[in-house]
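Since the structure comes first, as structure tokens, the remarks are kept for the end.
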Amino acid sequence: MKKGIIFLFFILLSFSFSPTVKAQCSMCTINAEQGTKNGNTQGKGLNSGIVYLLAIPYLLMTGIGVLWYRNYRKKMISTPSNH
């Protein structure tokens with residue numbers, strides 16, 4: 001219990017000293033703004049890249065969750081119940 005409180009304290013401490021940052025660098029902002037004004041498709045490429053980077057961790061976690069659930073179900077089915 002004491003280790004959990006210390007861990008929580010360090011997590012809260014690290015969040016309290018985090019610096020404020022901008023959402024994107026100035027070059028990415030300029031490219032995204034100018035690309036859409038001039039008819040370029042750079043904005044679509046940036047959006048596709050963001051979706052790709054966002055989707056991969058969720059797909060990996062879903063796969064791990066499905067595997068964990070299947071193994072848990074197999075274990076529960078194979079053990080006899082205490083009826």
Side-chain angles (χ1 to χ4, degrees):
M1 180 68 179
K2 190 174 182 180
K3 289 182 182 180
I5 293 172
I6 292 172
F7 178 73
L8 183 63
F9 173 74
F10 280 118
I11 294 295
L12 291 174
L13 186 67
S14 68
F15 281 123
S16 65
F17 290 113
S18 63
T20 57
V21 294
K22 301 282 186 189
Q24 30 181 308
C25 68
S26 60
M27 289 184 67
C28 293
T29 304
I30 291 171
N31 281 335
E33 290 174 359
Q34 295 299 321
T36 56
K37 289 180 184 176
N38 297 330
N40 294 337
T41 58
Q42 291 175 348
K44 290 181 182 179
L46 286 171
N47 287 339
S48 298
I50 290 168
V51 170
Y52 175 75
L53 290 172
L54 178 71
I56 296 300
Y58 284 111
L59 289 173
L60 287 172
M61 291 304 294
T62 302
I64 291 170
V66 167
L67 288 173
W68 177 74
Y69 179 73
R70 284 185 180 176
N71 288 336
Y72 177 75
R73 293 284 293 173
K74 284 180 185 178
K75 190 184 295 185
M76 292 302 291
I77 290 171
S78 65
T79 57
S81 61
N82 293 333
H83 290 243

- Apply the test side chain to side chain contact (heavy atoms under 4.5 Å, CB included) to residues Asn71 and Lys75: give CA-CA distance (whole Å), side-chain angles for both, the deciding distance (0.1 Å), then the verdict. CA-CA 6 Å; Asn71 288 336; Lys75 190 184 295 185; over 6 Å; no
- Query: Mind checking who shares a hydrophobic cluster with Leu8, ILVMFWY linked at side-chain heavy-atom distances under 4.5 Å?
  - Reply: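 Its cluster partners, ordered by chain and number, are Leu12.
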- Message: Could you measure the distance from the CE atom of Met76 to the CZ atom of Arg73? Nearest 0.5 Å is fine.
- Response: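 CZ of Arg73 is found 8.5 Å from CE of Met76.
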- Hey, what do you get for CG (Leu54) to CG (Leu59), rounding to the nearest 0.5 Å?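 With rounding to 0.5 Å, CG (Leu54) is 9.5 Å from CG (Leu59).
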- Message: Give me each pair satisfying ring-ring contact (aromatic ring centres under 6.0 Å, His included) with a member in residues 45-76, each pair once, sequence neighbours excluded.
- Response: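 Those involving residues 45-76 are Trp68-Tyr72.
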